[in-house]
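To start, the structure itself, in structure tokens.
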Amino acid sequence: MIAGMTALYIFMLAAFTGYEIISRVPVILHTPLMSGSNFVHGIVLVGAMVAMGHADSTLEQVIGFVGVMLAAGNAVGGYVVTERMLEMFRSSKRGAK
Amino acid sequence: MIAGMTALYIFMLAAFTGYEIISRVPVILHTPLMSGSNFVHGIVLVGAMVAMGHADSTLEQVIGFVGVMLAAGNAVGGYVVTERMLEMFRSSKRGAK
Amino acid sequence: MPIRIAVPHETTPGECRVALIPAVVDQLVKQGVQVRLQAGAGCPAYYRDRDYTSAEIVADRAALLGDADIVLTVNPLAVEDVGLLREDATVIGFMHPHENDDRIIALRDRNITSFAMELIPRISRAQNMDALSSQASIGGYKAALMAANLTARFFPMLTTAAGTIRPAKVLIIGVGVAGLQAIATAKRLGAMVEAYDVRPETREQVESLGAKFVDVKVSAVGEGGYARELSAEEKAQEMEVLAQHVAQADAIISTAGVPGRPAPKIITTAMVEQMKPGAVIIDLAAYSGGNCELTIPGESFGHELVMIYGPLNVPAMMPVHASEMYAKNLYNFLALIVHDGAIKPDWEDEIVAGSLLTRDRQIYHALTRQRIEGGDL
Amino acid sequence: MPIRIAVPHETTPGECRVALIPAVVDQLVKQGVQVRLQAGAGCPAYYRDRDYTSAEIVADRAALLGDADIVLTVNPLAVEDVGLLREDATVIGFMHPHENDDRIIALRDRNITSFAMELIPRISRAQNMDALSSQASIGGYKAALMAANLTARFFPMLTTAAGTIRPAKVLIIGVGVAGLQAIATAKRLGAMVEAYDVRPETREQVESLGAKFVDVKVSAVGEGGYARELSAEEKAQEMEVLAQHVAQADAIISTAGVPGRPAPKIITTAMVEQMKPGAVIIDLAAYSGGNCELTIPGESFGHELVMIYGPLNVPAMMPVHASEMYAKNLYNFLALIVHDGAIKPDWEDEIVAGSLLTRDRQIYHALTRQRIEGGDL
Amino acid sequence: MDTIIQISYFVSAVLFILGLKRMSSPVTARDGIVWAGVGMLVATLITFFHPGMHNYLPMTVAIAIGGGLALWSGKKVAMTDMPQMIALYNGMGGGAAGAIAAVELLKGEFPSTSFLALAIAGALIGSISFSGSLVAFAKLQGWARKPLRFPGQQVFNLALLAASIGISIYLIVLGHFSSGLILAFFALALAYGVMMALPIGGADMPVVISLFNALTGLAVAFEGFVLNNAAMIIAGTVVGSAGTLLTQLMAKAMNRSIGSVLFRAFGTAEGGAAEAVTGSMKPIDAADVGVMMAYAERVVIIPGYGMAVAQAQHKIRELSELLIKRGVDVKFAIHPVAGRMPGHMNVLLAEANVPYDLLYDLDEINPAFPQTDVALVIGANDVVNPTARTNPDSPIYGMPILNADLAKNVIVIKRGQGKGFSGVENALFFADNTRMLYGDGQAMTSELIQAVKTL
Amino acid sequence: MDTIIQISYFVSAVLFILGLKRMSSPVTARDGIVWAGVGMLVATLITFFHPGMHNYLPMTVAIAIGGGLALWSGKKVAMTDMPQMIALYNGMGGGAAGAIAAVELLKGEFPSTSFLALAIAGALIGSISFSGSLVAFAKLQGWARKPLRFPGQQVFNLALLAASIGISIYLIVLGHFSSGLILAFFALALAYGVMMALPIGGADMPVVISLFNALTGLAVAFEGFVLNNAAMIIAGTVVGSAGTLLTQLMAKAMNRSIGSVLFRAFGTAEGGAAEAVTGSMKPIDAADVGVMMAYAERVVIIPGYGMAVAQAQHKIRELSELLIKRGVDVKFAIHPVAGRMPGHMNVLLAEANVPYDLLYDLDEINPAFPQTDVALVIGANDVVNPTARTNPDSPIYGMPILNADLAKNVIVIKRGQGKGFSGVENALFFADNTRMLYGDGQAMTSELIQAVKTL
Ligand SMILES: NC(=O)c1ccc[n+]([C@@H]2O[C@H](COP(=O)([O-])OP(=O)(O)OC[C@H]3O[C@@H](n4cnc5c(N)ncnc54)[C@H](OP(=O)(O)O)[C@@H]3O)[C@@H](O)[C@H]2O)c1
Ligand SMILES: NC(=O)c1ccc[n+]([C@@H]2O[C@H](COP(=O)([O-])OP(=O)(O)OC[C@H]3O[C@@H](n4cnc5c(N)ncnc54)[C@H](OP(=O)(O)O)[C@@H]3O)[C@@H](O)[C@H]2O)c1
Ligand SMILES: NC(=O)c1ccc[n+]([C@@H]2O[C@H](COP(=O)([O-])OP(=O)(O)OC[C@H]3O[C@@H](n4cnc5c(N)ncnc54)[C@H](O)[C@@H]3O)[C@@H](O)[C@H]2O)c1
Ligand SMILES: NC(=O)c1ccc[n+]([C@@H]2O[C@H](COP(=O)([O-])OP(=O)(O)OC[C@H]3O[C@@H](n4cnc5c(N)ncnc54)[C@H](O)[C@@H]3O)[C@@H](O)[C@H]2O)c1
């Protein structure tokens with residue numbers, strides 16, 4: 001169980017990390033990066049699976065089902081879309097630097 | 001108690017943060033930054049105080065005393081030296097940019 | 001029968017340009033026009049008769065002129081030449097409408113349609129026909145070269161084992177087309193260039209070439225943005241500031257002019273006498289009297305130890321490119337006059353109307369008509 | 001009594017330089033030397049007698065020369081002038097040791113100590129006395145200006161409403177001091193500059209000025225880094241490549257020379273005849289015969305439609321700075337000759353020994369002695 | 001097993017961070033998404049081995065359905081429709097967070113109030129993000145073009161938000177609850193999300209989507225705490241923080257503040273008027289132009305009098321060299337009357353050592369514009385004014401011009417609204433494919449150089 | 001109270017991170033240390049309120065003694081002696097970490113083996129850092145100049161390290177222990193620290209100190225885990241990670257690998273020979289030169305033939321402009337025979353638009369060198385060769401030169417060991433105040449521009 005101050009520390013450090021790693025990003029990457037981070041929070045799929053895995057009542061199961069479905073959509077869709085957008089940064093580019 | 005995986009997470013995130021924040025540092029700041037981080041681990045003073053505060057046997061007390069003394073030296077000396085080194089980056093500098 | 005364009009040999013002394021160059025002739029011929037060239041007309045400009053592959057070379061000037069629908073010239077035709085023209089022929093070229101009334105009267109009386117290149121209005125659309133600009137560019141460039149060549153000093157700075165040579169100071173007076181080009185060229189050669197003009201908007205233009213504007217601390221901007229007449233006192237201050245810059249200059253290139261009027265006298269004899277020994281003045285305004293009091297148009301001479309040169313017809317000194325640019329100006333202008341193989345000018349067109357000098361036995365250019373015939377403007 | 005330095009008026013036709021300028025005279029006088037100047041000596045170089053405030057102006061040439069310890073000249077003194085000198089006087093200036101034996105014999109026989117500026121060895125320490133370099137700089141700069149001024153075309157590229165003018169192609173042959181300066185100046189004016197020299201190390205120097213080196217694809221580097229003689233076949237290839245570049249050039253500036261020998265003939269008549277109408281050749285090597293077969297030293301003329309000009313004594317065309325640099329060269333050299341107010345050259349010194357032409361009734365310069373007196377080198 | 005699961009989550013958290021880091025530079029962006037993808041795969045697969053789980057079959061079915069639909073839609077959608085797809089997928093993430101919270105709330109077993117609070121906060125944020133994102137999606141998809149606005153909207157929305165938060169607090173304080181209450185809670189949150197997104201105009205949508213994206217991240221992190229799932233906590237928090245920064249950066253790049261995007265969207269009357277005439281001048285950021293040019297195939301630089309005034313020729317040459325070194329085909333288009341004297345541009349560019357063979361004149365370059373990716377106009381105005389071609393009443397009608405307007409993108413560097421020599425309005429500046437980079441020519445070119453160098 | 005303590009620690013951890021972040025940019029560096037200082041103050045003060053503590057009086061005395069001595073020594077030490085002071089204070093930190101571990105080990109109450117392991121690891125690292133730093137201090141202070149080296153040293157050191165680690169593992173496995181064992185453990189660790197630092201040469205010391213600094217950070221973090229003190233964990237870890245990176249960066253800047261600093265220190269014979277002649281050429285990094293120039297008062301740029309070959313004149317102008325904009329007094333020193341023709345430098349600098357009034361010739365500039373902070377020599381060689389003044393046998397003896405050697409710092413840009421026109425060796429390149437920036441003139445100047453721009 002992560003709780004109390006520890007949670008706060010993890011939260012602070014993760015927030016710091018998130019802020020730092022994208023603090024110098026060119027405008028043209030804004031949309032791909034938005035899409036990429038959209039994909040990353042697709043990790044909610046893991047949570048949805050756990051929630052559904054422990055769901056007991058039908059209602060819980062239904063909600064869990066919907067949750068997993070949505071989360072899977074987030075993860076898969078986020079990946080596909082980001083990948084396509086980043087295609088244009090192929091480094092091949094006429095063999096230039 | 002911070003333990004197990006949580007410790008690992010904090011460790012990972014803090015390491016990441018440390019790495020990121022100084023990943024673009026000009027050479028002239030190497031020494032001041034070394035000094036600054038030297039000061040920061042002067043936080044060991046807190047630990048030394050706690051250790052001494054709970055020391056019971058004389059041996060423990062003596063070691064604790066030495067520990068606190070050393071730690072205080074680290075903290076204070078680190079600060080003074082860093083401060084002096086950073087003096088030269090005074091932004092006054094002929095009112096330029 | 002296709003339109004016949006004739007290009008006679010230029011007869012003005014010292015003129016080396018030719019109205020059409022081979023490449024432009026080719027373009028015209030491709031459009032179905034017939035071009036005939038007097039033998040040797042291109043030679044002073046280094047275009048040999050054999051280079052004009054698509055033109056017909058005619059040895060007889062009278063035959064050439066008498067048989068032409070359009071005659072293209074650089075300088076105005078002499079009165080005798082006008083006599084050779086067919087009535088109602090068209091002549092295009094510089095016409096010097098402000099001088100030599102006989103010539104203009106001859107044109108009028110022989111019912112010649114004549115267009116003066118110098119009268120083409122300076123509107124955006126007409127820039128590619130603007131022969132004044134194209135030839136003035138050459139003048140400015142050449143003036144800077146002449147200054148560099150005549151002065152007894154280096155233009156650029158030079159740090160050498162035999163001492164450091166300080167860069168020459170060059171002063172440009174009058175920042176029109178020629179003045180700007182002179183600034184650019186003198187700067188290229190490494191001189192420190194200053195420039196002066198009465199029009200305040202030239203300051204930015206001077207600076208856009210990396211040169212310094214001479215600030216006489218008198219603003220000629222009056223109400224509504226129009227230039228206003230300077231008071232005598234202001235005029236004096238202007239002259240005084242200018243005199244200081246003149247005294248320091250190693251070379252002066254003056255180009256100040258007011259269209260159709262004698263050039264303003266800006267550099268006085270007293271100023272010249274304050275100049276450094278070995279300095280030079282290139283007075284491009286010599287054709288209209290010169291900006292320097294001492295200028296003798298066409299002559300180069302020393303006054304005390306200052307060299308003063310007021311060259312005439314500078315573009316003719318670089319005849320290859322001068323002719324090329326002029327020919328292209330003519331070509332672009334012809335596009336307004338000739339449509340579908342016939343001479344059909346749009347008389348309403350601002351450019352056609354503006355440049356028309358004579359037609360139907362009338363003088364169209366108001367100022368000239370008034371001078372020659374009297375009456376209202 | 002202080003040393004007396006005399007500066008006579010230059011008598012060589014076309015010479016406008018003077019051996020000392022006022023500022024250098026001031027420096028010398030401050031060191032306790034007495035300087036006497038023939039009246040009007042500085043005038044062709046725009047230095048008036050009244051500018052020489054610390055020199056004594058002497059009207060009588062014979063008196064001036066007869067009374068001098070050291071005579072400073074630009075050009076060699078004529079035989080008659082040598083006759084006016086005091087025996088054992090010292091003369092410093094260009095001596096043209098390769099020509100006019102009478103003059104040298106006169107110097108020898110009158111027991112004159114003479115130093116030839118052109119014989120100063122080109123070592124690092126002597127750079128500030130190297131008059132060949134300082135005058136060659138002027139020559140190169142001026143040659144580029146003359147080329148720009150004489151050609152019928154623009155040097156720079158110009159995109160204008162009357163068409164785009166392509167930049168001129170300028171070819172520099174011989175990349176010594178003058179050639180480099182010519183490259184720099186032509187480049188400044190906006191031309192596309194190519195240059196050629198037989199010495200391979202000049203490639204980097206040419207490129208260091210942003211110009212292109214003409215690669216004749218023949219390497220003249222032989223064993224041990226020495227230049228080797230080219231085979232006839234290689235020579236032909238060199239000429240063929242060069243001919244192509246000559247044909248494309250709008251202006252050529254040639255400076256190729258071998259000290260003390262006639263200039264190599266590089267531009268043949270055939271090559272000239274392949275050139276564009278209106279192109280120019282400025283042959284700076286004219287003084288030693290010229291790099292172009294057609295060059296007539298000192299003349300400018302057209303061959304077909306190509307202008308060929310082989311100017312002589314170019315530095316004299318920019319007398320103010322040419323004299324200034326030459327005077328500083330002399331000043332630096334004098335420091336080796338005059339110590340503590342007396343003429344006490346260190347005869348062992350590489351520079352003194354190298355530049356010594358005559359002394360003690362002997363000719364010291366080996367090549368000259370051999371030519372005049374025979375015997376071994 | 002538990003250790004392996006924990007370590008896997010740890011690894012995937014690290015992969016997410018590294019992946020995002022790589023995505024923030026154009027050079028490494030492409031493998032950034034792969035790293036993050038591997039992290040996701042590891043986390044998802046290992047979750048199947050979570051102890052004490054059941055419902056494996058429906059779970060797999062749900063994944064297949066959700067993933068399959070997303071795969072299909074994500075592959076087929078046109079490049080131009082990407083933003084709405086991001087909105088859609090983001091909404092789904094928010095919905096999933098809400099669903100997790102709902103399941104947990106229904107179960108009602110929280111070790112402490114703080115966990116309950118986190119669950120509810122995550123549910124609230126996730127639901128807002130869910131419904132808001134769907135509205136954004138619908139709008140961008142063209143199903144609801146016009147921003148819906150009504151008087152008092154702002155007050156109404158605030159009230160709605162207050163109600164949602166109020167009921168959240170009530171739930172937390174209460175500690176246990178009926179499904180009715182939960183239903184009401186979700187209904188309120190969803191309604192607020194809808195109302196929040198409705199009034200926002202199309203141009204501001206990307207900013208709002210980014211905001212919802214950050215919110216979803218936060219919701220995921222909160223639910224991660226509830227489920228004690230470190231991967232969710234880290235990934236969610238990182239996205240929440242990065243997304244917030246990104247939202248700010250995007251708003252800044254569009255010259256808007258987040259506040260004005262969200263609340264001042266009402267007063268757009270002024271903007272509307274200008275648009276009515278000829279479109280509007282759209283500013284752009286140097287960084288963006290830098291990337292645009294660095295990744296272009298063909299760039300044409302059009303200098304004008306303004307370059308001369310700014311004496312920007314040296315910088316321009318440096319920029320062109322940089323681009324050429326990257327393999328971009330760079331040409332200079334020199335208009336015959338650019339500047340104030342014949343050959344004005346030539347003199348300056350030669351001074352700056354731009355090789356002559358990069359210079360093209362009007363006739364040579366005009367046919368090349370349609371294949372040009374970026375036309376960079378620096379301080380030129382009249383010479384690129386398309387009205388010279390189209391409007392017979394214009395004083396410059398008939399003057400041949402550089403057809404910069406035919407390039408795919410046009411970037412204009414100028415200081416402000418200054419007119420050219422002829423004093424006429426320039427239609428090019430209002431064109432759809434034109435962006436204005438306002439500032440002094442020299443300063444802006446420096447910024448461009450900087451921008452290209454960082455790539 | 002506990003919550004307040006925890007929050008204070010949290011705040012101080014945040015302050016440490018922000019402080020370090022600020023310290024990594026010259027612009028904000030000065031307040032970075034203040035932020036970190038505030039963090040330290042908060043953490044220290046709040047620790048007095050830790051529940052269940054005693055020994056307050058001796059504790060305060062210890063702080064006063066340690067702090068007082070450090071304050072006094074830190075204030076009085078000369079600027080040039082800073083590195084050894086950092087070593088000293090760092091060693092004290094390591095010692096403190098060791099002391100904490102010792103107390104805990106003596107107490108012997110560990111909730112689990114992992115805590116014990118962390119305590120011992122921290123003790124080991126801390127002790128090594130302690131004794132190693134003290135040796136580093138002593139060497140820099142001049143108490144032990146010569147690196148101590150003996151055959152088989154590397155093997156011996158490795159054995160020592162192995163023994164230390166062995167006894168650590170034994171202690172961990174054993175779980176409880178006698179004070180004798182503990183003593184042996186510390187003795188071994190301290191000995192290893194000493195042996196590790198002894199063979200390292202003076203020039204490499206900063207890298208080693210930085211390494212010990214990172215190690216101390218790590219030790220502090222480990223003890224933080226043992227004491228369950230989050231501020232220590234975070235601060236220690238951040239320093240450990242930042243310090244490691246910094247060590248790498250420093251080694252790279254000195255053109256050394258960390259490995260070679262630590263282990264290959266033996267084979268310095270080759271270096272020694274070159275030194276014997278005239279000193280050695282010392283390379284430097286563009287980033288460092290950039291900062292040096294940006295923060296200088298007076299800079300003189302000396303161009304030579306190499307600038308022409310590299311066609312670096314445009315970049316040089318840009319660099320000079322940048323510096324001037326920052327308020328640096330920049331002059332160009334033009335030697336009469338720099339380059340290969342009279343006025344070679346003038347032509348190029350004029351082409352690049354360097355204003356004439358920045359150009360100074362030999363006589364004008366030579367008196368200014370002693371007041372010059374940085375003389376930047378780009379591609380010049382003969383014209384700055386002091387042997388022209390000093391060595392009558394040199395072929396360039398007697399040629400007047402630019403006295404760049406009198407400047408406080410001389411930076412020479414050239415591609416390698418190439419000689420000048422005259423082909424003689426240049427004593428300037430070996431001078432103590434000279435640093436060589438190897439590379440093509442244009443490329444290096446670009447890097448300088450970059451470096452100055454980032455400040
Ligand atoms: N070439 C010739 O021979 C000649 C001679 C006379 C007249 N003309 C006329 O001049 C015009 C030339 O056209 P053009 O396109 O080159 O120039 P232009 O139409 O005069 O436009 C120049 C533009 O540059 C901008 N500008 C000025 N200073 C700037 C700075 N420091 N940084 C960035 N931008 C700056 C101005 O806008 P902001 O104020 O908003 O910055 C202005 O819109 C034509 O109309 C031509 O007919 C040419
Ligand atoms: N000015 C004149 O009239 C004239 C005429 C003839 C001779 N000289 C002689 O030329 C010399 C001029 O002295 P100087 O100091 O200007 O030049 P220098 O002594 O010739 O030295 C030039 C230096 O530049 C370096 N270099 C070459 N290319 C480079 C590049 N691309 N990037 C960076 N560095 C480069 C070379 O070292 P690396 O190879 O290691 O890079 C070389 O050491 C004097 O000895 C003078 O007497 C002058
Ligand atoms: N619209 C166009 O496309 C176009 C084309 C060509 C020229 N022009 C404009 O026309 C202007 C003049 O052209 P030009 O070169 O033929 O002019 P010009 O040769 O008649 O005169 C040259 C300059 O002398 C200046 N001058 C006059 N009296 C002066 C005095 N007392 N002291 C100092 N300077 C004085 C004028 O202001 C002018 O700038 C150009 O600068 C240009 O702006 C416009
Ligand atoms: N050490 C010094 O300080 C110093 C001082 C001045 C000059 N120099 C050196 O001396 C060199 C020559 O100086 P200069 O200008 O008096 O030489 P110069 O006038 O005698 O000759 C000019 C050039 O012509 C070239 N040349 C000769 N024959 C040629 C041929 N057939 N084809 C093409 N080119 C040919 C030569 O290589 C030389 O570069 C300079 O380049 C310089 O390097 C050195």
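Chain naming here is simple, since letters A, B, ... match the order of the sequence lines and numbering starts at 1 in each. Note that these values count all heavy atoms, side chains included, but never hydrogens, waters or copies made by symmetry.
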Quiz item: Is the number of heavy atoms from other residues, nucleotides or ligands under 6.0 Å of C:E304 CD greater than 12?
Solution: yes
Against chain C, work out which of [options] has the most heavy-atom pairs shorter than 4.5 Å and name it.
options                       : value
D:P319, D:S134, D:G163        : D:P319
D:A152, D:P277, D:A327        : D:A152
D:A184, D:S323, D:C43, D:P156 : D:P156

Minimum heavy-atom distance [X]-[Y], with the two atoms named:
X      : Y      : value
C:N329 : D:A162 : ND2-CB, 3.5 Å
D:M146 : C:N149 : CG-OD1, 4.0 Å
C:Y141 : D:A148 : OH-CB, 4.3 Å
C:K142 : D:T151 : NZ-O, 4.3 Å
C:I165 : D:E324 : CD1-OE2, 4.0 Å

Between [X] and chain D, which part of the residue has a heavy atom less than 4.5 Å away: side chain, backbone, both or neither?
X      : result
C:M317 : backbone
C:S133 : neither
C:I138 : both
C:Y331 : neither

Most contacts with chain D, counted as non-hydrogen pairs under 4.5 angstrom, among [options]:
options                : answer
C:M129, C:R48, C:R153  : C:R153
C:M325, C:K328, C:M318 : C:M318
C:L189, C:L150, C:T160 : C:L189

Quiz item: Hey, is the main chain of D:K276 close enough, under 3.5 Å, to the side chain of C:Y46 for a donor-acceptor pair?
Solution: no
Quiz prompt | N/O donor-acceptor pair under 3.5 Å between D:R188 side chain and C:R188 backbone | solution = yes
Quiz item: How long is the gap from CZ on D:F155 to NE2 on C:H321, to the nearest 0.5 Å?
Solution: 11.5 Å
Exercise. Start with the C-alpha gap between C:L158 and D:Q181, add the side-chain angles, then the distance that decides, and say whether side chain to side chain contact (heavy atoms under 4.5 Å, CB included) holds.
Key: CA-CA 11 Å; C:L158 226 57; D:Q181 201 67 252; 4.2 Å; yes
